[in-house]
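The next block holds one structure in the form of structure tokens; read it before the comments.
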Amino acid sequence: MTLLKLQIQNATAFRLDHLAKQRNVSPEEMAASAIEEFVEREEWQIEEIQSGLREADAGDFASPDEVAAVRAKFSGTKSSD
């Protein structure tokens with residue numbers, strides 16, 4: 001493991017401590033878990049954006065029929081097949 005030293009606002013430290021007590025873990029464990037979740041989410045999001053850009057660069061776009069089907073699915077109307 002790597003030791004990471006950082007500064008956070010007093011109010012945030014208080015809230016972190018409060019949450020850690022509620023979950024029966026140390027504030028350090030709570031912060032480490034939060035950082036892990038943040039890093040995973042950011043990596044996923046960046047990969048999805050890059051994947052979408054690669055698809056766009058390759059001209060891989062949804063057809064008008066595919067767009068209509070998705071609109072119908074979320075609006076509750078029937079698509080015209």
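Note that the coordinates shown come from a computational prediction; the quantities given were computed from them, not determined experimentally.
Of the inter-residue distances, the one linking Q22 atom CD with H18 atom NE2 reads 3.5 Å to the nearest 0.5 angstrom. Of the inter-residue distances, the one linking S33 atom OG with E28 atom CD reads 13.0 Å to the nearest 0.5 angstrom. One finds the CD atom of E37 at 12.5 Å from the CD atom of E42 (value rounded to the nearest 0.5 Å).
Residue pairs meeting the side chain to side chain donor-acceptor pair (under 3.5 Å) criterion with at least one partner in residues 2-13, sequence neighbours excluded, are absent.
For S51, there are no side chain to side chain donor-acceptor pair (under 3.5 Å) partners, not counting sequence neighbours. For the side chain to side chain donor-acceptor pair (under 3.5 Å) test, no residue two or more places apart in sequence or in another chain qualifies with E55. Scanning for side chain to side chain donor-acceptor pair (under 3.5 Å) contacts around R54 gives E47, with sequence neighbours left out. In this structure K21 satisfies the side chain to side chain donor-acceptor pair (under 3.5 Å) test together with D17, sequence neighbours excluded.
When atom types are taken as modelled, the side chain of E66 and the backbone of S63 share a donor-acceptor pair closer than 3.5 angstrom.
Judged purely by distance below 3.5 Å, without hydrogens or angles, the side chains of S26 and E29 pair a donor atom with an acceptor atom.
Think of I49 as one node in a network of Ile, Leu, Val, Met, Phe, Trp and Tyr side chains linked at under 4.5 Å; its network also takes in L53.
Listed here is the closest heavy atom pair of V67 and A62: CG2-CB, 3.8 Å.
A chain of hydrophobic side-chain contacts below 4.5 Å, direct or via other Ile, Leu, Val, Met, Phe, Trp or Tyr residues, connects L19 to V25.
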